[in-house]
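Below, chain A is the first sequence line, B the second, and so on; all start at residue 1.
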2 protein chains.
Amino acid sequence: MEGPADAPKSPYYAVIFTSLRTAADSPGYEKMAHRMVELASMQPGFLGVENARGDDGVGITVSYWASLEAIGSWREHFEHRMAQELGREKWYQCYRLRICRLEAEIAFERGK
Amino acid sequence: MEGPADAPKSPYYAVIFTSLRTAADSPGYEKMAHRMVELASMQPGFLGVENARGDDGVGITVSYWASLEAIGSWREHFEHRMAQELGREKWYQCYRLRICRLEAEIAFERGK
């Protein structure tokens with residue numbers, strides 16, 4: 001089922017955003033998070049996003065991008081910068097953002 | 001607060017494991033997941049792990065490693081291979097594993 005790790009068809013990048021919320025129910029957070037996914041998906045070079053947040057308040061969002069330039073442009077997007085400010089002011093106790101280049105990839109799907 | 005992205009002090013790697021569970025309460029899953037974190041953290045080159053799973057069954061685990069060799073050795077670890085088999089047989093509807101090299105990193109902590 002699982003062979004050696006395949007190199008990605010074309011090189012791409014992942015942004016791993018790991019965060020701890022200040023509180024689970026901060027007003028406006030969900031709406032902002034939803035808007036940021038919507039807005040990111042409209043940016044040039046956006047390839048996809050995966051998101052999970054557990055009951056302990058730890059969340060991981062991984063977004064995928066065609067180039068470092070696309071990641072840079074998205075980070076500088078006006079509405080995104082406003083959200084980043086609010087995140088530091090209100091929503092996040094701490095976060096870490098890691099920009100990575102994909103080296104290899106393996107997929108598994110049941111029944112395939 | 002947030003300067004330009006810093007290059008990591010020494011290069012390291014992330015393994016992004018995104019999965020969808022077959023069911024939320026498969027017997028043995030939590031115990032296995034806990035054991036795998038314990039075992040991984042004992043491997044040479046292990047740097048850390050972050051984990052989140054939401055109510056929709058989507059989970060993201062990111063582990064960090066000093067080298068591709070360390071990642072390769074952990075993938076081949078006997079007990080880990082048994083867990084991988086069980087994952088494909090029972091626990092996961094689908095998963096994707098991505099191996100990445102860190103390019104840049106930004107940290108934020110409230111009050112610092």
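For A/Tyr64, the part lying near chain B is the side chain, with the backbone staying farther off; criterion is any non-hydrogen pair under 4.5 Å.
Sorted by first then second residue, the salt bridge (Lys or Arg N to Asp or Glu O under 4.0 Å) pairs that include residues 40-54 of chain B, not counting sequence neighbours, are A/Arg98-B/Glu50.
Scanning residues 33-49 of chain A against chain B with a 4.5 Å heavy-atom cutoff picks out nothing at all.
Rounded to the nearest 0.5 angstrom, A/Lys90 NZ and B/Arg110 CZ are separated by 10.5 Å. Between B/Leu97 atom CG and A/Phe108 atom CZ the span is 13.0 Å, to the nearest 0.5 Å. Rounding to the nearest 0.5 Å gives a distance of 13.0 Å between CD1 of A/Ile99 and CZ of B/Arg101.
Under the 4.5 Å side-chain heavy-atom criterion for grouping Ile, Leu, Val, Met, Phe, Trp and Tyr, A/Val62 is not connected to A/Leu20 through any hydrophobic cluster.
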Donor-acceptor pairs under 3.5 Å, side chain of residues 54-61 of chain A to any protein atom, not counting sequence neighbours: which ones?
{"unit_1": "A/Asp56", "atom_1": "OD1", "unit_2": "A/Val58", "atom_2": "N", "d": "3.1"}
{"unit_1": "A/Thr61", "atom_1": "OG1", "unit_2": "A/Asn51", "atom_2": "OD1", "d": "2.6"}

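With a 4.5 Å cut-off on side-chain heavy atoms, B/Ile16 and A/Ile16 count as touching. Residues A/Glu103 and B/Ile71 form no side-chain contact, since every pair of their non-hydrogen atoms from C-beta on lies 4.5 Å or further apart.
Under the 3.5 Å distance criterion, the side-chain polar atoms of B/Arg96 are left unmatched by any main-chain donor or acceptor of A/Glu105.
A search for side-chain hydrogen bond (donor to acceptor under 3.5 Å, both in side chains) contacts involving B/Tyr92 returns B/Tyr29, not counting sequence neighbours.
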